[in-house]
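Remarks on the structure that follows.
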Protein chains: 2
Amino acid sequence: MPRDGDTRDCAPPGGEPARPGRRLDRSRDADILDATLAVLVDVGFARLTMDMVAARAKAGKATLYRRWPSKSELVIDAVAHMKRGQVDLGRLPDTGSLRDDLLGLFTPQSAEEDERRLKVMAGLASLLAQDRALADAGVAAIVQPWVEAHRVLMRRAADRGEIPATADIDTLSQVIPSLAAYRALVQRKPFDRDFLVSMVDGVVLPALRNAPPLAAGHAP
Amino acid sequence: MPRDGDTRDCAPPGGEPARPGRRLDRSRDADILDATLAVLVDVGFARLTMDMVAARAKAGKATLYRRWPSKSELVIDAVAHMKRGQVDLGRLPDTGSLRDDLLGLFTPQSAEEDERRLKVMAGLASLLAQDRALADAGVAAIVQPWVEAHRVLMRRAADRGEIPATADIDTLSQVIPSLAAYRALVQRKPFDRDFLVSMVDGVVLPALRNAPPLAAGHAP
DNA sequence: ACGTTCCGGTACCACAGGGTTCCGGTACGT
DNA sequence: ACGTACCGGAACCCTGTGGTACCGGAACGT
């Protein structure tokens, strides 16, 4: 959350207010947040220093502290800033086949983006154990939208009868995102299409088609 | 790995050698390692200080450095030390039913142990992104034996015809450990029996029974 | 031109924590 | 008793880093 002191208060929509000596300056925030994410990807939160961020953003350390009160706040803001460009729940694939829908979430361009997101997640790993707020922010920004997308696709498939209505969608929609996160965080192997196909055909689809009638459905 | 200098070289099996001024001292190592694990569980690797470990073990910091060359080595040793008491691959449940075997891995006494292991894993999270060796040691000590146990149980079930021979065991044996690790690390929810049952009945067993004939089997 | 306002860079401070050293104490074997 | 060898505790050094103060300069409006 950018500091609301100084001169950078929320200008009402409609371009820069005519303040004297005012630079464009609005795009600097994004540059700095991107630089923060880049450093975070490279070295993780613990080894991230404000000097690295400043150097990467070609900014002065003072500028960082002028806008964010601390390292933590800067990183939180950077992670939140990453949400932009996330999977758009309104524009999900809808091919009539659940398998194609699921694989359709993985476009070549989204691949590198996902990889990046998971690396950010890995960079945040140190905080999962100590800063609950930041960890939750990271999860909400990175994994949750993905789970939501899976849930929608599976729900549709159930509605059109492609999979049994008894399928435990709440559980199974978390499987692939969880496994992907685990693979990226712990195993440090790439999340590629082969892996996705293996998960879809080997785990999720078989489980969905073979839903047990008595499943009590504990959402994880 | 305890430093091999000083006087604590590998005494050949057969009790304490009669060295003058020698205390029992053999149990101190275990105490220190346990203390290290306890602190690791509490605050994670980043916030773990040698003073904390020394205080917890009622030992002096000097003693720690007399035996381990650095903080990293101490923690690695502590994690490896945790392997002791791990699932014994020789004494796995064998009820004739894969479901009962899988659920049988989860005994009330093992529950708290697993919880502890996963907390250690969470404490190591900071290192997953930076110290590959330590991260791998943690994974090998905590998750891998569990995967192995699942693989054995599934292999047996396939051999006796309970599940199709085409089932992708290499992939599916990783599912529950991965999901459990994800749940503990990222979601910070407890790994309880309800969750396990949900995973076994909702994901793994349906997927095993409904193995597609053409599965190319990409082990994750 | 000129002042205003912000910016980037640098030097600096404070402090936490890893690692080292030293010392008095204590249990053991002799 | 006495020496030995290790132990626990505490003081200490040193580096890295978060955070601050300050300066010259560049853009913009007037």
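Each chain gets a letter, A, B and so on, in the order the sequences are listed, and its residues count up from 1.
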With sequence neighbours left out, write down each residue that passes ring pair (Phe, Tyr, Trp, His ring centres under 6.0 Å) with A:Phe106, or none if nothing qualifies.
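Ring pair (Phe, Tyr, Trp, His ring centres under 6.0 Å) check on A:Phe106 returns A:Phe191.
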Does the B:Arg183 side chain pair with the main chain of B:Pro190, one donor and one acceptor, at a distance under 3.5 Å?
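Such a contact is found between B:Arg183 side chain and B:Pro190 backbone.
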Heavy-atom donor-acceptor pair, A:Lys61 side chain to A:Met52 backbone, under 3.5 Å
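Looks like no, no N/O pair under 3.5 Å.
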How many Å lie between [atom1] on [X] and [atom2] on [N], as a whole number?
| X | N | atom1 | atom2 | result |
| --- | --- | --- | --- | --- |
| B:Arg67 | D:dC7 | CZ | C1' | 9 Å |
| B:Arg56 | D:dG8 | CZ | P | 17 Å |
| A:Asp31 | C:dC7 | CG | C1' | 14 Å |

Who passes side-chain hydrogen bond (donor to acceptor under 3.5 Å, both in side chains) against B:Thr63, sequence neighbours left out?
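With sequence neighbours excluded, B:Thr63 shows a side-chain hydrogen bond (donor to acceptor under 3.5 Å, both in side chains) to B:Arg66, given in chain and number order.
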Using a 4.0 Å cut-off on protein heavy atoms (strictly under), produce a 5'-to-3' string for nucleotides 9-19 of chain C with B for base contact, S for backbone-only sugar-phosphate contact, and - for none.
B-------SSB
Out of A:Arg47, A:Arg116, A:Arg56, which one pairs with A:Asp42 under the salt bridge (charged side-chain N to carboxylate O under 4.0 Å, His left out) rule?
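The passing option is A:Arg56.
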